[in-house]
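Here the structure comes first, spelled out in C-alpha cells, and everything after it is commentary.
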Amino acid sequence: MEEQTDVLQEQLTGVAEALGWWGVPLAILAGAIRASTPFLFVALGECLTERSGRINLGLEGGLVMGALAGFAFSHITGNPWAGVLMAALVGSLMGLIHGVLCSLPRVNDIAVGIAIMLFGVGLAFYLGKPFIQESAPRLPAVPLGFWSSSGAVQSALSVNALFVIGVILAPLMVLFFRSTRWGLVVRMVGDNEEAARAAGYSPMRVRILATMVGSAMAGIGGAFLSLYYPGGWSEGLSSGQGLMAVALVIFARWHPVYCMLAALLFGAAGAIGPALQSVGVSWGYYLFNAAPYVLTLVIMIIACSRFRTLRGAPGELSVAR
Amino acid sequence: MSKHPGSAQTVESAPAPKPRAPASGSPATGRACGLEVISLTKRFGDFTAMDQVSMKVRPGSFHALLGENGAGKSTLVKCVVGYQQPDEGSILIADREQQVRSPREASMLGVGMVYQHFTLVPHMTVAENLIMSRIDTPQFINWRQARVELEAFMQRMPFRISLNAPASSLAAGEKQKVEILRQLYLERRFLILDEPTSVLTPNEADEVLGMLKEMCRRGEVTVLMITHKLREVKAFTDSVSVLRAGRYVGGGDTDDLTTEDLAELMVGERQPPAAESRAARGAGRTVLEISGMRARDDEGVPAVRDVSLSVSAGEIVGIVGVSGNGQKELVEVLAGQRHAENTGISVQGQPYRARRSEMIRHGVAILPEEPLRNACVPGMTVADNMAFRVFDRAPYSFMGWLRNGQRRKRAQELIKAFGVRTPGAESPIGKLSGGNVQRAVLARELTGDVRLLIAANPVFGLDFKAVREIHDRLREARDNGTAVLLISEDLDEVLQLSDRILVMYEGRIVYETTRDQAQVRSIGKHMAGDHA
C-alpha cells in the first residue's frame with residue numbers, strides 16, 4: 001500500500017494546495033474511487049465464488065498474476081485492453097487450479113486457497129523480474145472532473161474505465177442471481193448441494209466455473225493495479241487486496257451491490273492517510289495508512305459471532321457449516 | 001404446456017377439459033402410471049441390501065412400503081429414482097422396462113421423490129425453489145409472468161404456502177408441504193414419499209395424506225409411501241408391501257390385512273403388548289426447575305421464549321411438539337451447548353449453568369438428538385467416548401495420568417450390559433450404526449448416579465427392537481427415581497412413556513396434561529398452534 005499512497009500523495013497534494021482543508025473530502029473521494037477498483041473486482045469475483053459454496057483465498061494469487069500478465073501484454077502488444085483480457089485469462093487459470101483441486105475428495109478449499117495465493121504471488125515475482133523497469137501503455141480514464149476549471153479537481157476526478165465497468169457489473173450481478181437460470185443454479189449449488197444434484201446440476205462443475213470467473217475478475221483487478229493506478233510492475237504492487245476482499249464479501253453479506261459499497265469504503269479508508277497528509281497533518285501517517293487493515297479487523301469482529309452463524313451465508317460454505 | 005417437464009409424458013393423456021395457465025399443465029385423469037420391479041438385487045460389498053425383491057404398484061393406487069430400518073426400503077426406491085443402480089433385476093415403469101441412470105432420467109419418466117430430509121434451498125423463496133426444480137428453467141426468468149403462473153397453480157392446490165417466503169423461514173410441516181407441492185407442480189405420474197409425516201402434526205399428516213389419497217383416486221398420480229406408521233397405512237393406503245432384511249416378505253390389499261398382520265410381517269415376530277408396569281407412587285422431590293428460560297437460535301431469532309417447567313424425581317415429563325419450535329435450543333441450553341439470555345435453571349434447588357462440576361454433583365445425564373454429532377467424537381474409540389464423563393476421575397485417572405486399561409475394562413462391561421454391537425471397544429464410534437451409537441451414549445449417560453436424565457428424540461431413526469429397548473431403559477431409570485425430561489417429536493412415544501405431557505409451540509409451553517387425562521386430539525391441536 002505504501003507504493004500506492006506515495007503516488008496518490010503527489011496527485012493529492014495538488015488538490016490540497018488548491019482547495020485547502022476542503023480538499024480533504026475530495027481527496028478521500030478520489031482516493032476511494034482509485035483504490036477501490038481492485039477491491040471491487042476481487043470482491044465481486046469472490047462474491048460469485050462464495051455464492052457457489054466455495055471460499056477462494058487464492059484470489060490474491062490471481063490478482064498478482066493478473067497484474068503481471070496485464071502489464072506484460074500491454075507492454076508487448078501496446079494495447080492495455082489486450083493486457084486486461086490476458087489478466088482475466090491468467091486469473092481464470094488460477095481459478096481453474098483452485099476449482100479442480102477443491103473438487104478432489106477431502107480437500108479443503110481454504111488450505112488450497114492459501115497455497116494458490118503463495119503460488120501465484122511467487123510465480124509472478126519470478127516471471128516478472130524482466131518487467132520491473134519497463135513501461136506499458138496505461139488504461140484510459142473518463143474525465144468526470146470536466147466541469148471544474150481547476151486542474152487539481154480534474155485530475156482527482158478522472159475515473160478509470162474499469163471502475164465504471166465494475167460499478168455497472170454490481171447491479172448486473174444482482175440481476176444475474178435473481179432472474180437468470182445460471183444465477184439461481186449458482187445459489188442453489190452454494191446453498192444446498194443435494195438439491196442441486198437432485199435437480200440434475202453438477203455442483204462440481206458449477207463451482208469450478210464460478211471459481212474461474214471469480215478468479216478472472218481478480219485478475220482484472222490486478223490489471224488495474226499495474227495498468228492504471230499505481231501503475232507499473234513491482235513486487236510491492238498488491239498489498240493484500242485479494243485477502244481483504246474476502247472479509248469484505250462477508251461484511252457485504254454476499255450481496256454484489258453491498259460489495260461495491262464496501263469496496264468504496266475500503267478505498268476511502270486507504271485514502272485517509274495521504275489525504276490528511278496533503279493538507280499538512282503530519283502525525284499518524286502510518287497509523288492512517290493502516291486504516292483498511294483495522295477496518296478489516298473491526299468488520300470481522302462485528303460480523304462473526306460465537307453464538308450465531310452468519311445470516312445470509314450460503315449454506316454449503318465451509319465457514320457457515 | 002410445452003414448457004413443462006411432465007407434459008412430455010402427458011401427450012397421450014386426455015386433453016384438458018378447460019384451458020389452464022401454461023405452468024399448470026394438463027390434469028390428468030388416467031395419467032398415473034404403475035411400477036413393477038422384478039428380482040431387484042443390490043449389494044454393497046459383501047452386504048446385500050436388497051435381495052431378489054419383486055413387487056407391483058398398480059396405476060392410481062396409494063401403496064405403502066413398510067419395513068424396519070435397514071430392511072431395504074430406501075435402497076429399493078433409490079434404484080427406482082436412479083440414485084443407485086441395481087445389480088440385478090429390472091424396473092418397469094408404465095409397463096415398459098426402463099434403465100433409470102439418474103434422478104433426472106427418472107424425472108423425465110414422470111417419477112419423482114420427496115425425501116425424508118428437506119431438499120429445498122434454504123435462502124431461496126418458495127417461488128424460486130419451484131422454478132428451479134423444473135428441467136426446462138428458462139435462461140432468463142420473467143418473474144412477473146412466472147408469478148402469475150405460480151399463483152394460478154397454488155389456487156388449485158389443497159394447501160397454500162406464501163410464494164415469497166424464503167424456505168429457511170418455513171416450519172418443518174410447511175417445508176414438507178412445499179416438497180410435495182413441488183412434485184405436483186412438476187406433474188409427476190409416480191410419486192415416492194420417504195416417511196412424509198415424520199415431521200408433521202397428526203392433523204397436518206391427515207390433511208396431506210388425505211389429499212394424496214384423493215389424487216390417487218382420481219387417477220392423477222400413483223403414490224408409493226415409505227412409512228413406519230401402521231395407523232397411516234390402515235387409514236389411507238390401498239395396498240401395501242413389506243420388506244424385511246432386504247427381502248419381500250408379504251403384502252396385498254390393505255383392507256385384507258390387520259395391523260397385527262403388518263407388524264408381524266415387519267418384525268417377523270408377534271409384538272408383546274407394550275409393557276406398562278408402573279408402580280403407583282407419589283410425586284418425588286422436584287429435581288429440575290426451569291423458570292422463564294429464553295434463548296435464541298443460530299440466526300439470532302428468539303427460539304425459546306419464556307419456558308417454565310419442573311420435573312420431579314421418579315417421573316417422566318414429555319415435551320412434544322413439531323420440530324423447530326424451540327425444543328432443540330431448549331436441550332442445547334440444558335446441555336451447556338447454547339448460551340441463554342435467561343437460563344433460570346435450577347437443579348435440586350441450586351442454580352445450574354451446565355458446568356461439568358455441576359453435572360457431576362447433581363447427576364445430570366443428557367442424551368441429545370443425533371448423539372454422534374452432539375455427544376460423541378466420531379473419530380475416537382467407543383471406549384473413549386464411553387468415558388467422557390469419568391475419564392479424569394479415579395479409578396480411570398491417577399495423578400493426572402489416564403489409565404487406559406481401566407477405561408477399556410469399563411467400556412467392555414458397558415458394551416456387554418447395553419448390548420452395543422461393535423467390532424470392539426477400540427473401534428471408532430463413528431463406524432457404528434445409529435442404534436448402537438445411541439446405546440453407547442445411553443450406557444455412558446445412565447451409568448452411575450443419575451438423578452436427572454434429559455433425552456431428546458432418543459429413538460429417532462431406530463428400528464423396532466432398539467426403540468423398545470431404549471424405551472425400557474428410560475422407564476427403568478424413572479422407576480429407580482430418576483427425573484426424566486423427554487423431548488420428542490413423536491407423539492406416540494411421548495404418550496407411551498410420559499407421566500405428564502407438555503406441548504411446546506413457538507418456543508412456549510402451550511399445554512399441559514397428565515397421561516391419564518391426555519386427549520390426542522387436543523394435544524394435536526396445540527402442537528399445530530391452535531390454542532383456542
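Here is the naming used below: chain letters follow the sequence lines, and residue numbers restart at 1 for every chain. Everything numeric in this text was worked out from a predicted model, so none of it was measured.
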Self-check item: Verdict with supporting geometry, B:M124 and A:L184, side chain to side chain contact (heavy atoms under 4.5 Å, CB included)
Solution: CA-CA 9 Å; B:M124 283 189 179; A:L184 285 165; 3.7 Å; yes

Quiz item: With a 4.5 angstrom heavy-atom cut-off, which part of B:S102 approaches chain A: side chain, backbone, both or neither?
Solution: neither

Quiz prompt | Nearest non-hydrogen partners of A:R178 and B:W143, listed with the distance | solution = O-NE1, 2.8 Å

Practice problem: Report yes if some heavy atom in the side chain of A:Y201 is under 4.5 Å from a heavy atom in the side chain of B:M132; otherwise report no. | Solution: yes

Quiz item: Is the number of heavy atoms from other residues, nucleotides or ligands within 6.0 Å of OH (A:Y258) greater than 12?
Solution: no

Quiz item: So does A:R205 have more than 12 non-hydrogen atoms from other groups sitting under 6.0 Å from CZ?
Solution: no

Quiz item: Hey, is A:R187 close enough to B:E128 for a salt bridge, meaning N to O under 4.0 Å?
Solution: yes

Quiz item: If you tally heavy-atom pairs under 4.5 Å against chain A, which of B:T119, B:V121, B:I131 wins?
Solution: B:V121

Practice problem: Applying side chain to side chain contact (heavy atoms under 4.5 Å, CB included), run through A:W182 and B:Q139 and close with a yes or a no. | Solution: CA-CA 7 Å; A:W182 284 108; B:Q139 287 302 336; 3.1 Å; yes

Quiz item: Can you tell me how far NE2 of B:H123 sits from CE of A:M188, rounded to the nearest 0.5 angstrom?
Solution: 15.0 Å

Quiz item: When heavy-atom pairs shorter than 4.5 Å are enumerated against chain B, which of A:D191, A:N192, A:T180 gives the highest number?
Solution: A:D191

Quiz item: Just by modelled atom types, is the B:T137 backbone N or O under 3.5 Å from a matching donor or acceptor in the A:R181 side chain?
Solution: yes

